[in-house]
Amino acid sequence: MMGKGSIQIDHAKRDKLNSKSIGREIHYFEKLDSTNSKAKELAIKGAVEGTCIIASSQHDGKGRYGRTWSSPKSGIWLSVILSPDIEPERAPLLTILAGIAVARTIRELCDLEATIKWPNDVLIDQKKVCGILTEAICIGDEVRHMILGIGINANFDISELPEDVQNSATTLKNELGHVVSNDEFISNLLQNLDKCYKKLKQRKFRELLEEWRRLSTTLGREVKIRDGEEEIQGLALEIDEFGALIVRDRNGKSQRIINGDCIHISRS
Ligand code: BTN
């Protein structure tokens, strides 16, 4: 199962990364094109649910809408293979639960006030520290696996990111003024992911969404949502049980938004 260039995790490290379902198989790579691509390849070859692929750097990291995700060395770039038994309309809840797990980990380990911007960003002080890319592997009409890709700007300087994102992004190192242990962060993150995923499998959607609401920096704000040519501006009112954002537009009409780029305009 181990790919070329991967490093078999030793027992001490596995104990440290003590997680139950998520992370029960871990593949480390020094360099990869994209952990999501490697996760897809392994999922198709039959990797067990919860398998996690981690890379120190990616040379073709993937962001949403086909964008490039800059992934310098010392970041945390990882993907998890999941096969949740949920309705396809609830697939966005995977992104929701990943946001919760990342924000929780940052709060617990770094004591920083991480918040979630709908649908897939974790912010510190309104600057992006993490992006999440959830992709489906379909066979015919059926969703076989979901790949949960999480990118955390961890232990590098902002100057290593492309210039056009330097003003809107941050790193854990930049916020803390020192480095954090990537192993410790990953261990804690996998445990938080595991807890949240369990809730999803137990269909405790309300509990998950309650936590998301507490961590959200989007609800209550004036937002602009762009999805291709479409654009809606209004007040972010709620998240529904499928992970869609409910926005009251300028005509006072409630719009249910499933996907899009969200721009925070102001606090209401
Ligand atoms: C976004 O905000 O556009 C989502 C970025 C997701 C980046 C992560 S890094 C680990 C995983 N592998 C990838 O190629 N992309 C995701």
Side-chain angles (χ1 to χ4, degrees), residues 3 5-6 22-23 26-44 47 50-82 91-92 94-103 105-106 114-124 126-137 145-156 158 160-162 164-172 182 185-186 189-190 193 217-218 225-228 243 245 259-264:
S6 65
I22 289 185
I26 297 177
H27 300 259
Y28 274 105
F29 295 83
E30 251 331 283
K31 249 189 204 166
L32 269 185
D33 51 351
S34 151
T35 55
N36 267 30
S37 304
K38 179 54 86 181
K40 278 185 218 164
E41 186 190 312
L42 295 180
I44 290 164
T51 297
C52 181
I53 293 88
I54 304 174
S56 292
S57 68
Q58 304 182 115
H59 57 82
D60 190 18
K62 298 190 190 321
R64 292 170 76 225
Y65 295 107
R67 294 179 195 128
T68 298
W69 178 261
S70 175
S71 318
K73 203 168 155 20
S74 301
I76 294 174
W77 321 120
L78 68 84
S79 302
V80 184
I81 300 170
L82 299 173
L94 286 172
T95 305
I96 295 296
L97 77 80
I100 296 172
V102 172
T105 303
I106 295 175
T115 54
I116 307 172
K117 177 159 85 85
W118 184 91
N120 73 313
D121 294 346
V122 177
L123 311 182
I124 299 173
Q126 295 304 307
K127 296 200 170 192
K128 181 161 172 169
V129 70
C130 163
I132 297 159
L133 176 67
T134 308
E135 297 184 279
I137 301 179
H145 306 284
M146 298 291 297
I147 306 297
L148 187 56
I150 301 177
I152 298 159
N153 298 337
N155 285 314
F156 56 85
I158 298 176
E160 290 186 61
L161 291 172
D164 59 323
V165 301
Q166 286 182 11
N167 281 335
S168 57
T170 191
T171 71
L172 295 178
N182 276 10
F185 193 96
I186 292 167
L189 173 61
L190 295 183
L193 276 173
T217 179
T218 297
I225 314 282
R226 286 205 192 113
D227 189 10
L245 189 69
N259 210 354
D261 275 328
C262 173
I263 299 145
H264 287 167

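Both ligands and their constituent atoms are indexed starting at 1 by order of listing. FYI, side chains are in, hydrogens and waters are out, and symmetry mates aren't considered; it's all heavy atoms of this structure. Note that this is a predicted model, so its numbers are computed, not measured.
Contact check for Ile54 versus Thr35: no side-chain heavy atoms found under the 4.5 Å cut-off. Inter-residue side-chain proximity for Leu193 and Leu148 is flagged as met; some heavy-atom pair is nearer than 4.5 Å.
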(message) Could you walk me through whether Thr95 and Trp118 satisfy the side-chain contact (heavy atoms from CB on, under 4.5 Å) test, starting with their C-alpha distance in whole Å, then the side-chain angles of each, then the deciding distance to 0.1 Å, before giving a yes or no?
(response) CA-CA 9 Å; Thr95 305; Trp118 184 91; over 6 Å; no
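Remark: the backbone N or O of Phe156 is paired with a side-chain donor or acceptor of Thr171 at under 3.5 angstrom.
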Check ligand 1 against the protein and report each N/O to N/O distance under 3.5 Å, formatted as atom name, atom name, distance.
residue: ligand 1; atom: 2 (O); partner: Asn120; partner atom: ND2; Å: 3.3
residue: ligand 1; atom: 2 (O); partner: Lys128; partner atom: NZ; Å: 2.6
residue: ligand 1; atom: 3 (O); partner: Arg64; partner atom: N; Å: 2.8
residue: ligand 1; atom: 12 (N); partner: Thr35; partner atom: OG1; Å: 2.9
residue: ligand 1; atom: 12 (N); partner: Gln58; partner atom: OE1; Å: 3.1
residue: ligand 1; atom: 14 (O); partner: Ser34; partner atom: OG; Å: 2.8
residue: ligand 1; atom: 14 (O); partner: Lys62; partner atom: N; Å: 2.7
residue: ligand 1; atom: 15 (N); partner: Lys62; partner atom: O; Å: 2.7

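Counting only N and O atoms by type, the side chains of Asp60 and Ser34 include no donor and acceptor under 3.5 Å apart.
Ring-plane geometry between Trp77 and Trp69 is classed as perpendicular, the angle between the planes exceeding 60 degrees on a 0 to 90 degree scale with a lower cut at 30.
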